[in-house]
Amino acid sequence: MRRLDIRVSHPTHLGVLDLVPRLNGVSAEHALQQAVTLAQHAEEWGYLRYWTSEHHDMEELASASPEVLLAHVGARTSSIRLGSGAVLLPHYSALKVAESFRLLASLYPGRVELGLGRAPGGGPHATMALSGNYLQHVSKLPDKLEALTALLEDRYTYEEHEVQARPVPEHPLSVWMLGTNVKSAEFAARFGMGYVFGQFMSEADGTEAVRRYREGFVPSVHRTEQEVMVAVSVLCAEDEEQARSWSRQMEERRRASRAGNSSQINSDRSTPNSDAESSERHIAGTPEQVWEQMHRVSERLGTDQLLIVTAGPDYERRLESYKLLAEYQKRFNL
């Protein structure tokens, strides 16, 4: 296996973003067991973090409550960071989110990361059933972000009375904003959060969003330096054609699923367009090829932190993809 001509000043930090897919129609119970298995293997292979998503009324996905799954995963791992990718804040009370994640941070000191998002997370009927008028809620997101920031900095008041999000962990939460456009980037900058650009969900290359974040960043109590991650969709195999073939299979399944349930407008978009299997939105190939493309993304956005989204044709191949990436990184000290 040839070493890539990649020069890195800092090692690349890999993380997992798990949408908890029900591959090949398995039960939700089986998909959740596989989520734990993935987190355990990722920890063993040297991945820095395990994040999981929030989706509602989506038949093909099994994670509607990141904090519940993270509590379960945390009990079955020992060191890997645990994060949400993302809690969809427009739906919820800032106090409830702060309390839930501070409880997690107290259970797993130094390991918990709160990723926030703006998306509805499901189709229109599920969204209305969850919290009512989503557009109205998302218009108030700046106020919720302000309240959440104040709660996590222990300076929140309600009607001139101090309110604390308890329990208060010894190690503060790491807070991030996930998104695919400049609006999310500007929120992350304004409130002193880390920023995750969702390359796997975006046709844009992220350059403008990251630029806005870096230029507008305001240090906060718990984060004095700007920090960027990028989430990319990857399918890695020993053989290039195998990886591309599996990617095509996943795309065909995704399209069939959408055709069968067109109301689910925010479905899993981690699989590629069939005519762009090796685009930066989805990277498919051998470990060498995948690392080469991931390095280009990292260089362009100025980050050494990647979140890897992998669906795979089945759970065995999904694990193998993550393993191949980690082995290649260790072999060549990337």
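Here Asp143 does not pair with Lys140 in a salt bridge; the nearest charged N to carboxylate O distance is not below 4.0 Å. With salt bridges taken as basic N to acidic carboxylate O contacts below 4.0 Å, none links Glu327 and Arg331. The pair Arg211-Glu208 meets the salt-bridge criterion, with a side-chain N (NZ, NE, NH1 or NH2) lying under 4.0 Å from an Asp/Glu carboxylate O. Salt-bridge annotation for Asp205 and Arg296: absent, with no side-chain N of the basic residue lying under 4.0 Å from a carboxylate O of the acidic one.
The nearest pair of heavy atoms linking Arg317 to Trp246 is NE-CZ2, 2.7 Å. Asn181 and Tyr195 get closest at one heavy-atom pair: O-OH, 3.5 Å. What you find for Val20 and Ala31 is that their closest heavy atoms are CG1-O, 3.8 Å. Scanning all heavy atoms of the two residues, the minimum distance from Pro287 to Leu324 falls at CG-CB, 4.0 Å. The shortest non-hydrogen separation linking Val73 to Ala39 is CG1-CB, 3.5 Å. Nearest heavy-atom pair, Leu178 versus Ala86, reported as atom, atom and distance to 0.1 Å: CD1-CB, 4.0 Å.
When side chains are defined from C-beta on, Val290 does not count as touching Tyr328, because their heavy atoms never get closer than 4.5 Å. When side chains are defined from C-beta on, Leu82 counts as touching Ile80, because their heavy atoms get closer than 4.5 Å. Residues Gln242 and Arg244 fail the side-chain proximity criterion, which asks for heavy atoms closer than 4.5 Å. When side chains are defined from C-beta on, Arg49 counts as touching Met229, because their heavy atoms get closer than 4.5 Å. The shortest side-chain heavy-atom distance between Leu306 and His13 does not fall under the 4.5 Å cut-off. Side chains of Tyr92 and His137 form no contact here, defined as non-hydrogen atoms less than 4.5 Å apart. Using a 4.5 Å heavy-atom cutoff, the side chains of Val228 and Gln305 are not in contact. In this structure, Val16 and Leu307 have side chains that are not in contact, with every pair of non-hydrogen atoms separated by 4.5 Å or more.
Residue Ser184 holds its OG atom at 10.0 Å from CZ of Phe197, rounded to the nearest 0.5 Å. Note: Glu153 CD to Leu148 CG = 9.5 Å, rounded to the nearest 0.5 Å. Taking CZ of Arg212 as the reference point, atom NZ of Lys183 lies at 9.5 Å (rounded to 0.5 Å). Atom CD of Glu227 sits about 9.5 Å away from atom CD of Glu225, to the nearest 0.5 Å. Arg214 CZ to Phe217 CZ: the interatomic distance, rounded to the nearest 0.5 Å, is 10.5 Å. Residue Ser84 holds its OG atom at 4.5 Å from CG of Leu114, rounded to the nearest 0.5 Å.
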Problem set entry | Derivation and outcome, side chain to side chain contact (heavy atoms under 4.5 Å, CB included), residues Ser63 and Glu54 | CA-CA 6 Å; Ser63 181; Glu54 176 184 337; over 6 Å; no

Exercise. Going through the distances and angles, do Thr149 and Arg155 end up as a side chain to side chain contact (heavy atoms under 4.5 Å, CB included)?
Worked result: CA-CA 9 Å; Thr149 301; Arg155 54 178 177 80; 3.7 Å; yes

For this session: Step by step, work out the side chain to side chain contact (heavy atoms under 4.5 Å, CB included) result for Arg118 and Leu89.
Result: CA-CA 6 Å; Arg118 301 167 58 236; Leu89 188 58; over 6 Å; no

For this session: Report the C-alpha separation of Glu186 and Arg190 in whole Å, then their side-chain angles, then the decisive distance to 0.1 Å, and conclude whether the salt bridge (charged side-chain N to carboxylate O under 4.0 Å, His left out) test is met.
Result: CA-CA 6 Å; Glu186 288 171 347; Arg190 173 179 167 185; over 6 Å; no

Problem set entry | Candidate pair Arg102 and Asp154, rule salt bridge (charged side-chain N to carboxylate O under 4.0 Å, His left out), full reasoning | CA-CA 12 Å; Arg102 276 190 157 184; Asp154 297 310; 3.0 Å; yes

Problem set entry | Derivation and outcome, side chain to side chain contact (heavy atoms under 4.5 Å, CB included), residues Phe200 and Leu17 | CA-CA 11 Å; Phe200 76 103; Leu17 176 54; 3.9 Å; yes

For this session: Take Glu203 and Arg281 through the salt bridge (charged side-chain N to carboxylate O under 4.0 Å, His left out) test and state the conclusion after the steps.
Result: CA-CA 7 Å; Glu203 300 294 346; Arg281 180 168 167 179; 2.4 Å; yes

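Ser53 and His55 are linked by a side-chain donor-acceptor pair at a separation below 3.5 angstrom, with hydrogens and angles left out of the test. Residues His56 and Thr127 bring no donor and acceptor atom of their side chains to less than 3.5 Å of each other.
Between the Ser321 side chain and the Cys236 main chain, a donor and an acceptor come within less than 3.5 Å of each other. Remark: side-chain polar atoms of Thr37 are paired, donor with acceptor, to backbone N or O of Gln33 under 3.5 angstrom. The main-chain N or O of Ala105 is never found under 3.5 Å from a side-chain atom of Arg111 such that the two would form a donor-acceptor pair. Counting only distance, with no hydrogens or angles, the side chain of Lys144 and the backbone of Ser93 share no donor-acceptor pair below 3.5 Å. For Thr286 (side chain) and Gln289 (main-chain N/O), a donor-acceptor pair under 3.5 Å exists by modelled atom type. For the pair Gln329 (side chain) and Thr12 (backbone), a donor-acceptor distance under 3.5 Å is present. Remark: the backbone N or O of Val234 is paired with a side-chain donor or acceptor of Thr310 at under 3.5 angstrom. Side-chain atoms of His171 never come within 3.5 Å of backbone atoms of Val112 as a donor-acceptor pair (strictly under, hydrogens ignored). Within the 3.5 Å criterion, the main-chain N or O of Ala71 finds a donor-acceptor partner in the side chain of Tyr108. The backbone N or O of Trp51 lies less than 3.5 Å from no partner atom in the side chain of Asp18, so there is not a single donor-acceptor pair.
Here the two rings, on His41 and Tyr47, have centers that are 6.0 Å apart or farther.
Linking Ile, Leu, Val, Met, Phe, Trp and Tyr residues whenever their side-chain heavy atoms come within less than 4.5 Å leaves Leu103 and Tyr156 in two separate clusters. Hydrophobic clustering keeps Leu48 apart from Leu104 (ILVMFWY residues linked when any side-chain heavy atoms are closer than 4.5 Å, directly or through intermediates). Put simply, Leu235 and Ile308 are part of two different groups of oily side chains (I, L, V, M, F, W, Y) that touch within less than 4.5 Å, one to the next. Val163 is not connected to Leu145 by any chain of hydrophobic side-chain contacts under 4.5 Å among Ile, Leu, Val, Met, Phe, Trp and Tyr, and they are in different clusters. Residues Val138 and Leu116 do not share a hydrophobic cluster, clusters being chains of Ile/Leu/Val/Met/Phe/Trp/Tyr side chains in contact below 4.5 Å.
Within a 6.0 Å sphere centred on CD of Glu241, other residues, nucleotides and ligands contribute more than 12 heavy atoms.
Among residue pairs with one or both ends in residues 67-86, those qualifying as salt bridge (Lys or Arg N to Asp or Glu O under 4.0 Å) are Arg81-Glu113; sequence neighbours excluded.
Between Phe187 and Phe191, the ring-plane angle classifies as tilted under the 30° and 60° cut-offs.
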